[in-house]
Amino acid sequence: ETGAIMAMCNYPDFNPNNYNEVENIEVYNNRAIFEPYEPGSMIKGITMAAAVDIGGVTPATTYIDTGTVEISGFTIHNSDGEAHGLKNMTQVLEESLNTGAIYAARQIGPDIFKNYFYNFGYGDLTDIRLETERNGDIKNLSYPNEIFMATASYGQGITATPLQVINSFAAIANQGKLMKPYIVEEIIHPDGRQEKTDPTMIRQVITNQTAQTLSAMLASVVKYGHAQRAGVHGYYIAGKTGTAQVADSETGKYSIDKSIHSFVGFAPVQDPKFVMLIKLNHPKSVEFASSSAAPLFGEISQFLLNYLQVPPAYN
C-alpha cells in the first residue's frame with residue numbers, strides 16, 4: 001500500500017570490512033535495480049491485466065491452443081512444446097501458455113499494449129533514490145511488427161529490473177494503484193529535524209475490479225497451476241513463475257544452457273501484506289522456476305506471514 005521496501009538482498013555478497021578481497025567486482029552491484037533482464041512468463045500477469053482491464057478478455061474467455069503461433073515467419077511454441085486444446089485465460093496463467101498470452105495481447109492491440117506497459121512502470125526509472133538504478137528496455141514495443149508484441153506478452157524481447165517487476169505486481173495487489181518505491185523511511189538530521197518519506201501514488205494503472213480479478217487468477221496459479229510449490233498451507237497466495245531464456249551478449253542468440261528463474265507474488269490475497277520477487281541466475285539442477293524460485297518464495301512467505309502475525313484464512 002505504501003511502496004516501502006521491507007528487504008532487498010543479493011548473493012553472492014561481500015564483507016565491507018574487506019571489500020578489496022572480492023574475486024568478482026560484480027558483487028558490488030545491487031542486482032535488484034542494476035541488472036535488467038528478460039523476465040519471462042511473470043509478464044503474462046501484466047499482459048492479462050491489460051487485456052482484462054480493457055474488456056478484451058475475462059477469466060472465462062476461451063481459445064484453442066494448437067501449441068504454436070505463426071507470426072512474420074517465426075513459429076512460437078509453448079514452453080512444453082505441447083498443444084493443450086480448449087483453454088480459458090485463467091488456465092493460460094496456471095499452465096503458463098505462450099500461445100494464450102499472445103491471444104490476450106491480440107485482444108489489446110500493439111498501441112494500447114505498449115501504453116499499459118509504460119503505465120505499469122516498465123522502461124522508466126522508479127526513482128527509488130539508490131545509485132545505479134537502470135530503467136530496462138521496452139523500445140521493441142514501438143516497432144510495427146506484431147512479433148515484438150507477441151514475444152513481450154510472455155516476457156521475452158523486453159528487459160526490466162526486478163524492482164520494476166515487483167512494483168508492477170504491487171499495483172495489482174494494491175487495487176490497481178502504482179506506488180513509488182522507497183527504501184528510506186525517515187531522515188533524522190543533526191539538529192533533530194525529522195524528514196519522513198510520505199507514500200506517493202504514481203497513477204491508477206488498472207481498475208480496482210481488474211486488480212481483484214487478476215489477484216484471483218494469480219491465486220489460482222498457486223493453488224492449481226505451475227506455482228503450487230509457492231503456496232503456504234492456510235493462506236491464499238497469488239503469484240506467477242518466470243523461466244526466461246538468456247540472450248548471448250556477443251551473438252544475440254538465446255543460450256541453450258542458461259536461463260533465469262523468477263517468481264513474483266503477494267500474500268495474503270484478500271489483504272496483501274507484502275509483495276516479493278525471487279530471482280535465480282542460471283540455475284543448473286532444475287529446468288523451470290516452478291521447481292526453484294517458487295519453493296523458495298513459499299519458504300520465505302511462510303516466515304513472513306508468521307513474522308507479520310497474519311492469521312491463516314483456513315485450517
Side-chain angles (χ1 to χ4, degrees), residues 2-40 42 121 124-137 159-167 169-170 180-197 229-230 241-250 255 257-265 273-287 289 291-308:
T2 65
I5 302 296
M6 299 169 65
M8 181 186 292
C9 64
N10 295 266
Y11 185 85
D13 58 6
F14 64 96
N15 184 343
N17 294 312
N18 302 300
Y19 66 90
N20 60 323
E21 296 180 1
V22 301
E23 296 181 1
N24 187 338
I25 61 173
E26 289 187 4
V27 300
Y28 297 145
N29 296 328
N30 181 351
R31 289 178 167 179
I33 64 170
F34 177 77
E35 193 175 82
Y37 71 114
E38 297 184 46
M42 294 184 296
D124 198 7
L125 298 175
T126 68
D127 196 24
I128 194 176
R129 296 175 68 183
L130 287 174
E131 291 296 324
T132 73
E133 183 187 11
R134 297 171 67 187
N135 58 1
D137 185 355
T159 65
T161 64
L163 181 61
Q164 288 174 320
V165 176
I166 198 173
N167 208 42
F169 275 79
K180 178 181 175 180
Y182 65 90
I183 202 163
V184 176
E185 185 172 4
E186 182 181 16
I187 299 173
I188 302 176
H189 295 274
D191 60 3
R193 181 168 49 90
Q194 296 178 324
E195 182 183 341
K196 288 185 175 291
T197 300
R229 295 181 67 182
T241 54
T243 303
Q245 293 178 288
V246 179
D248 186 282
S249 58
E250 295 182 1
S255 170
D257 60 356
K258 288 183 179 180
S259 60
I260 296 178
H261 293 189
S262 306
F263 188 89
V264 63
K273 301 301 183 185
F274 63 86
V275 186
M276 176 168 50
L277 184 143
I278 304 287
K279 174 176 177 278
L280 303 172
N281 285 0
H282 314 153
K284 298 295 185 183
S285 59
V286 294
E287 186 176 3
S291 299
S292 58
L296 182 55
F297 179 96
E299 185 178 333
I300 301 174
S301 291
Q302 185 166 37
F303 168 82
L304 278 174
L305 291 163
N306 291 334
Y307 179 79
L308 297 172

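Between atom CD1 of residue Ile166 and atom CZ of residue Phe274 there is a gap of 10.0 Å, rounded to the nearest 0.5 Å. Distance check, rounded to the nearest 0.5 Å: NZ of Lys279 to OG of Ser292 gives 12.0 Å. Atom NE2 of residue His189 and atom CD of residue Gln194 lie 9.5 Å apart, to the nearest 0.5 angstrom. Atom CG in Leu130 sits 5.0 Å away from atom CD1 in Ile183 (nearest 0.5 Å). To the nearest 0.5 angstrom, Ser301 atom OG is 8.0 Å from Ile278 atom CD1. To the nearest 0.5 Å, the span separating CZ on Arg129 from NZ on Lys180 amounts to 7.0 Å.
A donor atom on one side chain and an acceptor atom on the other are found under 3.5 Å apart for Glu133 and Thr126.
When side chains are defined from C-beta on, Phe263 does not count as touching Pro295, because their heavy atoms never get closer than 4.5 Å. For the pair Pro162/Arg31, no side-chain contact is recorded, criterion being any heavy-atom separation below 4.5 Å from C-beta on. Side-chain contact between Ile260 and Glu35 is absent, with no heavy atoms from C-beta onward closer than 4.5 Å. Put simply, the side chain of Asn15 does not reach to within 4.5 Å of the side chain of Glu21, judged on heavy atoms. No side-chain heavy atom of Tyr37 sits less than 4.5 Å from a side-chain heavy atom of Val246. No side-chain heavy atom of Ile33 sits less than 4.5 Å from a side-chain heavy atom of Thr161.
Within 6.0 Å of CD in Glu23 there are 12 or fewer heavy atoms belonging to other residues, nucleotides or ligands. Within a 6.0 Å sphere centred on CD1 of Ile187, other residues, nucleotides and ligands contribute more than 12 heavy atoms.
When all heavy atoms of His261 and Ser259 are compared, the pair lying nearest together is NE2-OG, 3.3 Å. Heavy-atom minimum distance, Thr243 versus Ala289: OG1-N, 2.8 Å. Pro39 and Val165 make their closest contact through CB-CG2, 4.2 Å (heavy atoms, listed as atom of the first residue, atom of the second, distance). The heavy-atom pair separating Leu280 from Ala293 by the smallest distance is CD1-N, 3.8 Å. Closest approach of Pro181 to Asn167, counting heavy atoms only: CD-ND2, 3.6 Å. Taking all atoms of both residues into account, the shortest heavy-atom contact from Phe297 to Val264 is CE1-C, 4.4 Å.
The aromatic rings of Tyr28 and Phe14 sit perpendicular to each other, their planes meeting at more than 60°, with 30° as the lower class boundary.
Formation of a donor-acceptor pair under 3.5 Å by the Thr197 side chain with backbone atoms of Val184 is found in this model. Side-chain N or O atoms of Gln164 include one that pairs as donor or acceptor with a backbone N or O of Asp124 at under 3.5 Å.
Each of Leu125, Ile5, Leu277 was evaluated against Leu163; a single residue qualifies, Ile5, per the side chain to side chain contact (heavy atoms under 4.5 Å, CB included) test.
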